[in-house]
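Written out below as structure tokens is the structure these notes cover.
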Amino acid sequence: MVGSEHHHQNHQQQQQQQQRSKEALGMVALHEALRTVCLNTEWAYSVFWSIRPRPRVRGGGNSCKVGDDNGSLMLMWEDGYCIGRGGSGDCYGDMEGEDPVCKSFSKMSIQLYNYGEGLVGKVASDKCHKWVFKEQNESKFNASSYWQSSFDAIPTEWNDQFESGIQTIAVIQAGHGLLQLGSCKIIPEDLHFVLRMRHTFESLGYQSGLYLSQLFSSNRSTSSSN
């Protein structure tokens with residue numbers, strides 16, 4: 001019995017190590033994809049927001065249970081890349097740098113969004129995309145951007161980005177999260193680009209949503225067995 005238990009523990013440890021290795025490789029692939037977007041296009045920064053469970057405490061105990069309704073999920077910074085206004089390279093974390101775009105980009109890592117609420121949260125839950133321009137009244141692309149007709153006001157923190165020099169912000173639901181892009185130029189909405197970005201980020205080995213689906217499946221099984 002002792003030998004079989006020891007073998008079982010070793011097997012579990014090996015599985016955990018393999019999972020950690022996959023996650024590490026996935027994070028590298030995610031960062032490279034974000035970097036590639038900036039280096040090969042006119043987007044100054046790219047950020048991937050992952051969907052994460054928001055723990056809820058039930059009763060007076062310390063146990064938390066994750067539900068599968070919108071209110072139990074949030075969007076959290078997973079990774080990002082910024083080349084700034086000069087396009088010279090990654091300046092994430094360089095808070096003392098002179099580039100205002102990089103400064104506003106660095107502040108994004110502490111942001112959280114409620115899944116299904118507000119402009120960002122609704123784009124994620126509705127599996128759609130939105131284009132937002134700094135000068136909406138002056139933009140010739142404004143009339144064709146359907147986000148205006150039915151969407152909430154832009155997040156207040158985006159004003160800081162617009163003041164830093166950003167002209168266009170796009171948010172695209174992709175895989176188990178949301179891709180956010182910012183450019184110092186006015187970039188028209190492009191459905192082909194949206195589809196390409198979705199394919200790129202959905203095909204990455206990194207799948208944070210797998211954790212969520214497994215968790216929800218476990219919760220449902222537990223509920224149905226009670």
Side-chain angles (χ1 to χ4, degrees), residues 23-24 26-38 41 43-55 66-83 90-93 101-132 147 151-162 164 166 168-183 187 189 193-216:
E23 290 175 356
M27 288 300 295
V28 171
L30 174 63
H31 187 76
E32 185 58 29
L34 293 170
R35 177 177 177 273
T36 300
V37 172
C38 293
T41 66
W43 296 105
Y45 75 73
S46 58
V47 172
F48 190 81
W49 303 93
S50 63
I51 302 172
R52 299 286 186 181
R54 185 187 295 278
V66 177
D68 57 0
D69 59 309
N70 286 350
S72 66
L73 300 177
M74 63 181 179
L75 290 163
M76 175 186 291
W77 166 291
E78 193 66 54
D79 198 2
Y81 189 89
C82 180
I83 60 175
D90 190 346
C91 54
Y92 171 58
V101 170
C102 287
K103 287 184 178 180
S104 64
F105 167 81
S106 297
K107 297 175 184 176
M108 294 172 65
S109 62
I110 62 172
Q111 292 293 332
L112 295 173
Y113 296 101
N114 290 326
Y115 182 79
E117 298 179 14
L119 190 151
V120 174
K122 286 181 180 177
V123 168
S125 63
D126 293 347
K127 302 186 186 308
C128 60
H129 67 275
K130 299 298 170 193
W131 247 247
V132 181
W147 70 269
F151 259 75
D152 307 70
I154 65 172
T156 55
E157 57 271 14
W158 286 12
N159 292 325
D160 182 51
Q161 294 186 36
F162 288 137
S164 75
I166 292 295
T168 307
I169 295 178
V171 281
I172 303 169
Q173 184 276 330
H176 296 288
L178 187 80
L179 176 66
Q180 179 175 333
L181 303 167
S183 176
I187 298 182
E189 186 174 336
F193 175 78
V194 169
L195 295 176
R196 191 163 72 249
M197 289 299 97
R198 282 187 176 149
H199 174 74
T200 297
F201 286 88
E202 286 172 357
S203 62
L204 289 176
Y206 179 75
Q207 295 288 333
S208 63
L210 179 62
Y211 163 71
L212 287 178
S213 62
Q214 290 175 338
L215 197 57
F216 293 158

Report task. Answer whether the closest heavy-atom distance between the side chains of K130 and C128 falls below 4.5 Å. Result -> yes
Query raised in the report: What residues, two or more places apart in sequence or in another chain, satisfy salt bridge (Lys or Arg N to Asp or Glu O under 4.0 Å) together with R198?
Result: none
Query raised in the report: Given side chains that start at C-beta, do those of N159 and I154 come closer than 4.5 Å, heavy atoms only?
Result: yes
Report task. Please identify each residue that fulfils side chain to side chain donor-acceptor pair (under 3.5 Å) with Q111, with sequence neighbours left out. Result -> none
Query - Test side chain to side chain contact (heavy atoms under 4.5 Å, CB included) applied to F162 and I169, step by step - result: CA-CA 9 Å; F162 288 137; I169 295 178; 3.9 Å; yes
**Report entry** Interatomic spacing from OG in S46 to CG in D79 - rounded to 0.5 Å
**Finding:** 8.0 Å
Requested in this report: I would like to know whether T156 and W158 meet side chain to side chain contact (heavy atoms under 4.5 Å, CB included); could you show each step before the answer?
Outcome: CA-CA 5 Å; T156 55; W158 286 12; over 6 Å; no
Requested in this report: For residues V101 and A44, report the shortest heavy-atom separation together with the two atoms involved.
Outcome: CG1-CB, 4.4 Å
Query raised in the report: How about R52 and L73: do any of their side-chain heavy atoms sit closer than 4.5 Å?
Result: no
Query raised in the report: Within the distance-only criterion (no hydrogens, no angle test), does the side chain of W131 pair as donor or acceptor with the backbone N or O of I187 below 3.5 angstrom?
Result: yes
Query raised in the report: What's the spacing between F193 CZ and L195 CG if we round to 0.5 Å?
Result: 11.0 Å
Query raised in the report: What's the spacing between S125 OG and Q173 CD if we round to 0.5 Å?
Result: 9.5 Å
Query raised in the report: With sequence neighbours excluded, what pairs up with E32 under the salt bridge (Lys or Arg N to Asp or Glu O under 4.0 Å) test?
Result: R35
Query raised in the report: Just by distance, with hydrogens left out, do E189 and H129 show a side-chain donor and acceptor under 3.5 Å apart?
Result: yes
Query raised in the report: Are any of the side-chain heavy atoms of L75 and I51 separated by less than 4.5 Å?
Result: yes
Query - Side chain proximity check, T168 to W43, heavy atoms < 4.5 angstrom - result: yes
Report summary line: NE2 of H176 to CZ of F201, rounded to nearest 0.5 Å, is 14.5 Å
Requested in this report: Could I get the full list of side chain to side chain donor-acceptor pair (under 3.5 Å) partners for S183, not counting sequence neighbours?
Outcome: none
Query raised in the report: Do V171 and L179 have side-chain heavy atoms sitting under 4.5 Å apart?
Result: no
Requested in this report: Please list, chain by chain and in numerical order, all residues satisfying side chain to side chain contact (heavy atoms under 4.5 Å, CB included) with M108, sequence neighbours excluded.
Outcome: Y45, V47, W49, W77, F105, Q161, Q180
Query raised in the report: Are the side chains of Y115 and M74 in touch, meaning some heavy atoms are under 4.5 Å apart?
Result: no
Report summary line: In this structure, CD1 of I166 is separated from CG of D160 (nearest 0.5 Å) by 10.5 Å
**Report entry** Atom pair SG/CG of C82 and L34 - distance to nearest 0.5 Å
**Finding:** 11.5 Å
Query raised in the report: Quick one: are Y113 and L178 in side-chain contact, heavy atoms under 4.5 Å?
Result: no
